[in-house]
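For reference, the structure discussed in these notes is given below.
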Number of protein chains: 2
Amino acid sequence: MFFSKTCEYAIRAVIFIAQKSEGGKKVGIREVAAGIDSPEHFIAKILQDLSKRQLIQSSKGPNGGFYIGDASRRHTLADIVSAVDGDKVFKGCGLGLKICSETKPCPLHNQFKEIRKKMQVALQSATIGEFNESLNLGLSYIKER
Amino acid sequence: MFFSKTCEYAIRAVIFIAQKSEGGKKVGIREVAAGIDSPEHFIAKILQDLSKRQLIQSSKGPNGGFYIGDASRRHTLADIVSAVDGDKVFKGCGLGLKICSETKPCPLHNQFKEIRKKMQVALQSATIGEFNESLNLGLSYIKER
DNA sequence: AAAATAAAAGACTAAAAACTCTTTTATTTC
DNA sequence: GAAATAAAAGAGTTTTTAGTCTTTTATTTT
């Protein structure tokens with residue numbers, strides 16, 4: 001709707017991993033998939049990509065898994081979204097016009113400008129690390145049940 | 001991004017037809033496709049559907065075509081979007097969670113609530129008819145070139 | 001009534017997104 | 001150094017969305 005399915009899973013996974021790996025622990029792919037209700041092999045692909053892009057970390061072998069180091073913890077969700085879906089949610093025209101600008105705006109240009117701005121603020125205002133706090137306090141959830 | 005391609009074309013087409021059919025005239029499918037830069041056969045399908053749903057009108061035969069009557073002119077873009085994409089853009093969770101509510105919110109719930117609200121206001125605040133005025137005044141555009 | 005016009009309907013194909021399965025590579029533990 | 005573990009890589013399949021082509025039906029004009 002706002003994001004691709006891939007991106008939704010990515011966001012949920014990153015928040016999940018950040019929370020689970022707070023004390024330096026690592027999380028296996030199976031645990032991530034179960035923890036965010038996503039298809040296992042699909043989220044594996046997504047995490048591989050995020051790992052390549054240094055947005056999360058991983059290590060192979062026994063006791064290996066995914067984790068998020070201190071540096072990556074300072075990233076925002078906007079970084080994740082940009083990496084997965086590109087910047088269309090921050091920039092693209094709401095009506096899909098290639099040319100849509102201040103000087104040649106679509107009929108919804110001004111309204112969408114505000115919506116995109118709000119989106120950007122929402123995704124940039126808090127770091128990955130900060131999201132954990134609300135999860136830890138039981139103020140928000142990333143799993144259905 | 002926010003809407004499906006089908007929905008983007010639908011919105012553009014409805015605005016276009018509303019403008020072109022202001023004086024009781026009708027617009028052929030070819031003119032619509034050219035006017036909003038969309039594939040001809042594809043927009044034909046979309047308009048068929050909108051016509052069935054009474055969001056636009058059509059008539060066959062010579063001098064036939066699509067038009068928007070006075071009653072339909074009072075619809076808003078929200079009606080078009082709901083008809084084509086359903087209400088996910090107004091209701092669904094930003095992270096794709098099936099269960100996401102005030103009592104069990106996702107980490108972005110409150111921010112997205114505002115964004116969806118803004119979206120709804122943007123699409124509901126002006127009727128199809130009202131959009132024409134800004135087009136007629138050259139204040140907005142629905143075509144690239 | 002025949003010819004012309006234009007949308008409706010139906011049956012497709014193409015491309016993208018979502019998802020799965022198998023094999024390989026790196027790392028650790030015994 | 002062999003066995004076990006876990007991610008990386010690669011090569012698929014399935015489903016959905018986007019887009020095309022052909023035939024039919026309704027209406028109008030001559």
Side-chain angles (χ1 to χ4, degrees), chain A residues 1-14 17 20-21 25-69 81 84-86 88-89 95-96, chain B residues 1-14 17 20-21 25-69 81 84-86 88-89 95-96:
Chain A
M1 184 224 331
F2 293 110
F3 310 125
S4 68
K5 216 100 231 331
T6 301
C7 191
E8 289 178 356
Y9 289 143
I11 295 172
R12 280 151 62 188
V14 164
I17 295 168
K20 289 285 172 177
S21 70
K25 273 170 274 170
K26 289 160 195 167
V27 206
I29 191 67
R30 227 156 303 127
E31 192 180 346
V32 174
I36 66 166
D37 273 322
S38 76
E40 188 181 316
H41 293 285
F42 193 36
I43 192 66
K45 283 286 159 200
I46 298 168
L47 293 184
Q48 262 173 47
D49 181 56
L50 293 179
S51 175
K52 246 181 263 170
R53 293 168 185 274
Q54 305 269 49
L55 289 166
I56 62 175
Q57 281 68 49
S58 72
S59 67
K60 290 181 173 184
N63 299 312
F66 296 93
Y67 60 101
I68 299 192
V81 170
V84 178
D85 276 354
K88 57 188 190 321
V89 79
L95 300 188
Chain B
M1 185 224 330
F2 293 110
F3 310 126
S4 68
K5 217 99 232 330
T6 301
C7 191
E8 289 177 357
Y9 289 143
I11 295 171
R12 279 150 62 185
V14 164
I17 294 168
K20 289 286 172 175
S21 70
K25 273 170 272 167
K26 289 160 195 168
V27 206
I29 192 66
R30 226 156 303 126
E31 194 180 345
V32 174
I36 66 166
D37 274 321
S38 75
E40 188 181 317
H41 294 283
F42 193 36
I43 192 65
K45 284 285 160 202
I46 298 168
L47 293 184
Q48 264 173 45
D49 181 56
L50 292 178
S51 176
K52 247 180 262 170
R53 294 169 185 273
Q54 306 267 51
L55 289 166
I56 64 174
Q57 281 68 50
S58 72
S59 67
K60 290 180 172 185
N63 299 312
F66 296 92
Y67 59 102
I68 300 193
V81 171
V84 179
D85 276 355
K88 56 188 189 323
V89 79
L95 299 188

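Note on naming: letters A, B, ... go to the chains in the order of the sequence lines (proteins, then strands), and numbering restarts at 1 for each one. Remember, predicted model here, so these are calculated numbers, not experimental data.
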Using a heavy-atom distance cut-off of less than 4.0 Å, which residues of residues 26-33 of chain B contact DNA chain C? Val27(B), Gly28(B), Ile29(B)
Give me the atom names and distance for the closest heavy-atom approach of [X] to [Y].
{"X": "Ile46(A)", "Y": "Ala10(A)", "value": "CG2-CB, 3.8 Å"}
{"X": "Val27(A)", "Y": "Val32(A)", "value": "CG1-CG2, 3.9 Å"}
{"X": "Phe66(A)", "Y": "Ser58(A)", "value": "CD2-CB, 3.6 Å"}

Partners meeting salt bridge (Lys or Arg N to Asp or Glu O under 4.0 Å) with Lys5(B) (sequence neighbours left out):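 Salt bridge (Lys or Arg N to Asp or Glu O under 4.0 Å) list for Lys5(B), sorted by chain: Glu8(B).
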Which residues share a salt bridge (Lys or Arg N to Asp or Glu O under 4.0 Å) with Glu31(A), sequence neighbours left out: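 By the salt bridge (Lys or Arg N to Asp or Glu O under 4.0 Å) rule, Glu31(A) matches no residue at all.
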Is the side chain of [X] donor-acceptor paired with the backbone N or O of [Y] at a distance under 3.5 Å, no angle test?
{"X": "Arg12(A)", "Y": "Leu95(B)", "result": "yes"}
{"X": "Ser51(A)", "Y": "Leu47(A)", "result": "no"}
{"X": "Gln57(B)", "Y": "Gly69(B)", "result": "yes"}

Identify, with sequence neighbours excluded, every residue that meets side chain to side chain contact (heavy atoms under 4.5 Å, CB included) alongside Pro39(B). Tyr9(B), Phe42(B)
Any residue meeting side chain to side chain contact (heavy atoms under 4.5 Å, CB included) with Ala44(B), in chain and number order, not counting sequence neighbours: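 Here the qualifying residues are Ile29(B).
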Roughly how bent is the helix from dA1(C)-dT30(D) to dC30(C)-dG1(D) end to end, in steps of 10 degrees, with each end axis from five pairs?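 Taking the rotation axis at each end, their angle is 0°.
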Can you name the atoms? Protein N/O to nucleotides 17-21 of chain C N/O, anything below 3.5 Å, with the distance.
from    : atom 1 : to      : atom 2 : distance (Å)
dA18(C) : OP1    : Lys5(A) : N      : 2.8
dA18(C) : OP2    : Thr6(A) : OG1    : 3.2
dC19(C) : OP2    : Tyr9(A) : OH     : 3.2

Is there a side-chain contact between Ile11(B) and Val84(B), using heavy atoms and a 4.5 Å cut-off? no
Using the heavy-atom set of chain B and a strict 4.0 Å cut-off, write down the first and last nucleotide of DNA chain D that makes it in, 5' to 3'.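 The protein-touched segment is dA18(D) to dT29(D).
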Does the distance from a Lys or Arg side-chain N to an Asp or Glu carboxylate O, for Asp49(A) and Arg53(A), drop under 4.0 Å? yes
Using the side-chain hydrogen bond (donor to acceptor under 3.5 Å, both in side chains) criterion, which residues pair with [X]? Sequence neighbours excluded.
{"X": "Ser4(B)", "value": "Asp85(B)"}
{"X": "Lys26(A)", "value": "Ser59(A)"}
{"X": "Gln48(A)", "value": "none"}

Between the protein and nucleotides 27-30 of chain C, list the N/O to N/O atom pairs that are separated by less than 3.5 angstrom.
from    : atom 1 : to       : atom 2 : distance (Å)
dT29(C) : OP1    : Asn63(A) : ND2    : 2.9

